[in-house]
Amino acid sequence: MTEWYYAEGQQRQGPLEVTEIRQRFQRGQLNLDTLVWREGMGQWAPLRQMVEELGLQTLADASTSTAAGGFDLRNDYAAIDNGTAPLPGTGALSSSPYTAPGAGGGDYSQPVQGGEVVYAGFWKRFAAYLIDYFVLLIPSGVVGGVLGFVLGAGMGAAGSGETAVEVVTQLISGLAGLFIAAAYYGWFHASRGGATLGKMAIGIKVVRGNGDRLTLGRSIGRYFATILSGLTLCIGYLMAAFTERKQGLHDLICDTVVVDRWAYTDQPQLQRREMGTVTIVILVLGGLLMLAGFAAIIFAVGVIANMAS
């Protein structure tokens, strides 16, 4: 791998890989007159002489045409100046749009506007929900059960009635599950990737209506808004199958949309309209589990009826 150096005042900076040189040129830290050098060069040379070797043709042409009063075909020259525009060969093709979740209130990347946006339909969202449900099932059950048991045992030792102990145990377990789910959805939806583990698997993410990343407060608020979607006999969820931008009630309340993971990036052509293999497999498994549950209920009802007769 070739290592590059560049001159900053009287200081030599480096070594840097080619991608790092391109990124610094993109952010405006380097310009065409910056002196650069690599092993094998007889002397330092202006960056403009290395444009082709470093793959800077697109950025250099955009910079030159804009300075001359021409058109910036990337339609985002401001993003080049502030370092948020993608470089050819970097960005979406070299890394996933899902990066590790960052701390709340951190560096919010800017969405790339102007490309096509593929909204996630009801079945993709439902498949992602099924994955997240089972992800949360074990930790919620364990934490809620432990807290409920400890508190119930304490109340029992204090002489509280059995009914009161059961009520408090169920309440604590429910609240623990609610807190864990709110933290899970809130944190992941506010992360740089905008997706929970389920949404990552399906290939979708949650963003603002204009493509912006969610803040932690809005993300947590969206989770509690989903409760309203459930209280409407789940009609709030079903709205995602019929609204123009495939928004549920909670999306409309919080100004959010669920889109393909490549939406609002520099590679919108990678978006997929079809459900995909993972979605289909999850839906089939979910359907089988539901059928098994219904069969178990019918069997239990039949056993009870036979015992009563």
Side-chain angles (χ1 to χ4, degrees), residues 19 22-29 58-59 62-63 66 71-121 124-125 128 185-223 225 240 243-248 250-273 276:
T19 54
R22 296 167 71 186
Q23 289 169 356
R24 296 195 181 205
F25 180 74
Q26 170 196 355
R27 293 194 294 265
Q29 294 176 268
T58 303
L59 290 179
S63 178
T66 302
F71 294 100
D72 180 278
L73 299 179
R74 291 162 62 117
N75 198 30
D76 202 3
Y77 190 70
I80 298 175
D81 288 338
N82 61 33
T84 59
L87 278 168
T90 63
L93 289 180
S94 60
S95 61
S96 169
Y98 296 140
T99 58
D107 178 25
Y108 285 75
S109 57
Q110 295 296 320
V112 178
Q113 303 289 350
E116 181 186 14
V117 176
V118 174
Y119 297 101
K124 282 188 176 182
R125 297 173 64 158
Y185 283 103
W187 187 61
F188 273 106
H189 284 163
S191 69
R192 188 181 299 273
T196 58
L197 298 179
K199 288 183 174 66
M200 290 182 195
I202 300 302
I204 57 179
K205 63 184 178 184
V206 182
V207 295
R208 292 285 303 278
N210 61 357
D212 284 344
R213 175 179 168 184
L214 270 62
T215 62
L216 182 61
R218 185 179 296 272
S219 182
I220 293 176
R222 183 181 184 274
Y223 169 75
T243 52
E244 181 181 1
R245 303 178 74 188
K246 302 186 185 302
Q247 292 172 290
H250 47 285
D251 291 313
L252 294 172
I253 293 173
C254 299
D255 182 32
T256 58
V257 289
V258 183
V259 297
D260 187 274
R261 63 180 174 179
W262 295 108
Y264 297 108
T265 70
D266 59 341
Q267 295 292 332
Q269 71 275 12
L270 296 179
Q271 298 177 90
R272 299 175 58 185
R273 295 185 179 277

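Numbers for residues simply follow the sequence, beginning at 1.
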What are the two closest heavy atoms between Tyr119 and Lys246, and how far apart are they? O-CD, 3.6 Å
Closest approach of His250 to Thr256 (non-hydrogen atoms, all atoms of both residues): O-OG1, 4.3 Å
Measuring from Gln269:CD to Glu116:CD, what's the distance to the nearest 0.5 Å? 10.0 Å
What pairs with Thr196 under side chain to side chain donor-acceptor pair (under 3.5 Å), at least two apart in sequence or on another chain? Asp132
Could you report the tightest heavy-atom contact between Ser219 and Gly186, atom names first, then the distance? OG-O, 2.7 Å
Min side-chain heavy-atom separation Pro268-Val117 under 4.5 Å: no
Which pair of heavy atoms, one from Ala240 and one from Thr243, lies closest together, and at what distance? CA-OG1, 4.1 Å
Could you tell me which non-hydrogen atom of Cys254 sits nearest to which non-hydrogen atom of Ala225, and how far apart they are? SG-CB, 4.0 Å
How would you list, by chain and number, every residue that makes a salt bridge (charged side-chain N to carboxylate O under 4.0 Å, His left out) with Arg218, sequence neighbours excluded? none
Using the side chain to side chain contact (heavy atoms under 4.5 Å, CB included) rule, take Arg272 and Asp260 through it: C-alpha gap first, then chi angles, then the decisive distance, then the call. CA-CA 7 Å; Arg272 299 175 58 185; Asp260 187 274; 4.2 Å; yes
Taking all atoms of both residues into account, what is the closest heavy-atom pair of Leu214 and Arg222, and its distance? CD2-CD, 4.3 Å
According to side chain to side chain donor-acceptor pair (under 3.5 Å), who are the partners of Tyr185, at least two apart in sequence or on a separate chain? none
Is Lys205 reaching over with its side chain to a backbone N or O of Arg261, donor-acceptor style, under 3.5 angstrom? yes
Applying the side chain to side chain contact (heavy atoms under 4.5 Å, CB included) test to Val257, which of Asp251, Val207, Asn210 qualifies? Val207
Are Arg245 and Gln247 linked by a side-chain donor-acceptor pair shorter than 3.5 Å? no
